[in-house]
Amino acid sequence: MSTIELISANKSFGGWHKRYRHRSTATSCDMTFAIYLPPQADQGEPVPVVYWLSGLTCTDENFMQKAGAQRVAAELGVVIVAPDTSPRGEGVPDDPDGAYDFGMGAGFYINATEEPWARNYRMYDYVVDELPKLIEANFPVSEQRSIFGHSMGGHGALICALKNPGHYQSVSALAPITNPSQVPWGQKALGRYLGSDVEQWKKWDTCELIAGATERLPLLVDQGEGDEFIQQLNPEALEAAAAAVGHPLTLRRQPGYDHSYYFIATFIEDHLRYHAKALGRA
Ligand SMILES: N[C@@H](CCC(=O)N[C@@H](CSC=O)C(=O)NCC(=O)O)C(=O)O
């Protein structure tokens, strides 16, 4: 297991927001993550962890700076971990045209199989396996974990939970990409990372995974009705996929809210309380 190097530390609501860099085996490059340690992390009892997956263009910083999650995490006694959204750095291939929806900042939380992406773009292995092991080895946390995310990160949270029964106590998403194999953002990413065989895409698509899920972990989803990216998100597809197999889904349509962190900040407390309850903290 790699060693972690502290980049920065800021006291926040009695706890600490810290950023770390480490060498990742999964992505074959240096990765940065942020962690919020609530005051309870200093009190001797292991604290559960909620993993946050951000959307396109984000680093570990967007959520920690904009969502306003620290006050509630400090009250509830949950750790929040926010990884980067892709591998980065010298030698990591990027979108040839510098587009925001592919390559760096757009790892889609899958394991790429196509060249030149396959060596570094393994964000699924990083988030599901390598990062929790690193967190559990270096911080006073329990093995109780939940996962949530936004947009591309909402898609990431949903597929990570659906593909790993028993690994997460709860899952939720804000404005997730629900059916990536059917929308432009997803088709571009899956086509390049995985190649042209659409059967391979289905292994990373929430609406496809729901049918074969062996655990019916409830899904909590908030979706703004004023979301400018609604065509990419397709909440109706999620609703239909869940209804077809009786998968428990709470889909809340929020009038007037767009895709931004103003929307996320509005509902983050609700999501944190939902996860804290599943993690035995409320
Ligand atoms: N037009 C924007 C598109 C990028 C964008 O809106 N990214 C969202 C996530 S979208 C789906 O994954 C985001 O969270 N941005 C970061 C933020 O701090 O708002 C662009 O060109 O940047």
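This structure is a prediction, so every number in the text was calculated from the model and none was measured. In each ligand, atom 1 is the first atom listed, and ligand 1 is the first ligand listed.
Partners of E5 by salt bridge (charged side-chain N to carboxylate O under 4.0 Å, His left out), not counting sequence neighbours, listed by chain and number: R21. Here R145 pairs with E136 under the salt bridge (charged side-chain N to carboxylate O under 4.0 Å, His left out) rule; sequence neighbours left out.
Side chains of S12 and N10: a donor-acceptor N/O pair is absent below 3.5 angstrom, by distance only. Inspection of the N120 and T27 side chains reveals no N or O donor paired with an N or O acceptor under 3.5 Å.
Within 6.0 Å of atom CD in E143, 12 or fewer heavy atoms from other residues, nucleotides or ligands are found, so the atom counts as exposed in its surroundings.
For ligand 1, the 4.0 Å heavy-atom shell contains residues G55, L56, T57, C58, N62, K66, Y100, H150, S151, M152, W185, F229, H259, Y261.
For residues 155-177, the set of pairs meeting the ring pair (Phe, Tyr, Trp, His ring centres under 6.0 Å) definition, not counting sequence neighbours, comprises F108-H155.
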